[in-house]
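Proteins get letters first, then strands, A, B, ... in listed order; numbering begins at 1 in each.
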Protein chains: 2
Amino acid sequence: MALNDVELCDEHAVHIKLVNKINHEMPEDDDLYDLAELFKVFGDSTRIKILFALFESEMCVCDIAETLGMTQSAISHQLKILKQSKLVSNRREGKSIIYFLADDHVRTIIDQGMNHIKE
Amino acid sequence: MALNDVELCDEHAVHIKLVNKINHEMPEDDDLYDLAELFKVFGDSTRIKILFALFESEMCVCDIAETLGMTQSAISHQLKILKQSKLVSNRREGKSIIYFLADDHVRTIIDQGMNHIKE
DNA sequence: TAAACATATGAACAGATATTCATATGTATA
DNA sequence: TATACATATGAATATCTGTTCATATGTTTA
């Protein structure tokens, strides 16, 4: 749909200033997209579980898989997504790769989410 | 995959206590699911844009559609999802239905997300 | 260095999801 | 009360996403 083709309420003349103001305050499309992508990462219960596990302790992939009762492959795929979003980091220790939380935003965001659903 | 069928690292004997501890601290499945569902709602740029619009002012459906340059139907579908998650509420005013933010968790959660992507 | 171990990865499939289109519902107005 | 207006909704479709399976990569150890 073209931009000059959008639907308008009858009261459009009254609201046009509001629409313009809001579009002026709206963040850049890139930021909005990145933000949605970030929340998308939190929007899967497997990844949420992995993050909760890492709240308690850093862990190797195998132990995360065991904790969640899922295959190593499934966990590894999800860890890749969490790492790409910079929510977790990892380091090698011998044969194992240890994953841990990248920073404390993760906790804050999840805590706020918990507050919301607990009401 | 059955629970007694999970893969175990060779070092399993060392880590079994950690796994048990983490499973003990892990929130209930229902809560984990609800939490993921909540973040899923934030994980779409159309819905993120609607929320940013409502940060500035309550609005009727038609004006939201115009602001975002999208159809009334698409916006209405998304508003339904936002309302089901209790992120927005609405009231009727004559022919229009006015949507507004339900509470302040929304701002906090989105602000934290912004902090993360802005680093 | 060959074998075992730990993890990563690509392809494929099944299930979920956002938008569109047509239309229904509810409200105001001529 | 017929018509226009504002919004909601169901079905259909195209796209996206999580898991599985098979296998590749990289490390340790016998």
Please state whether the rings of Phe42(A) and Phe39(A) are parallel, tilted or perpendicular, taking 30° and 60° as the class boundaries. tilted
Identified side-chain contact (heavy atoms from CB on, under 4.5 Å) partner of Gln78(A) from the options Val41(A), Ile50(A), Leu68(A): Ile50(A)
Length of the line joining Gln84(B):CD and dA8(D):C1', which is rounded to integer Å: 12 Å
Output the single nucleotide from dT9(C), dT20(C), dT20(D) whose closest atom is nearest the side chain of Thr71(B). dT20(C)
Base versus backbone protein contacts along nucleotides 22-28 of chain C [heavy-atom cut-off under 4.0 Å; B, S, -]: B---SBS
Taking only heavy atoms on the protein side, list every residue of residues 34-54 of chain A lying under 4.0 Å from any atom of DNA chain D, sorted numerically. Lys40(A), Asp44(A), Thr46(A), Arg47(A)
For the side chain of Lys80(A), starting at C-beta, report the closest nucleotide among dG10(C), dG18(D), dA8(C). dG10(C)
Is it true that a side-chain atom of Arg92(B) and a backbone atom of Gly94(B) form a donor plus acceptor pair closer than 3.5 Å? yes
Using a cut-off of less than 4.0 Å, is there contact between a side-chain N or O of Tyr99(A) and OP1 or OP2 of dA6(C)? no
Are any of the side-chain heavy atoms of Phe100(B) and Val88(B) separated by less than 4.5 Å? no
Step through the shown structure and confirm whether more than 12 heavy atoms of other residues, nucleotides or ligands are within 6.0 Å of CZ on Phe55(B). yes
Let me know the distance between CG of Leu79(B) and P of dA6(D), rounded to the nearest Å. 16 Å
Nearest heavy-atom approach of Ser85(B) to His116(A) is O-NE2, 3.0 Å
Please give, in whole Å, the distance from dA18(C) P to Tyr33(A) OH? 14 Å
Is it the case that over 12 heavy atoms from other parts of the model lie below 6.0 angstrom from the CD atom of Glu28(A)? no
Taking ring pair (Phe, Tyr, Trp, His ring centres under 6.0 Å) as the cut-off, I'd like each qualifying pair that reaches into residues 73-97 of chain B, sequence neighbours left out, listed once. none
Of the listed nucleotides dT19(C), dT20(D), dA8(C), the one nearest the side chain of His77(B): dT19(C)
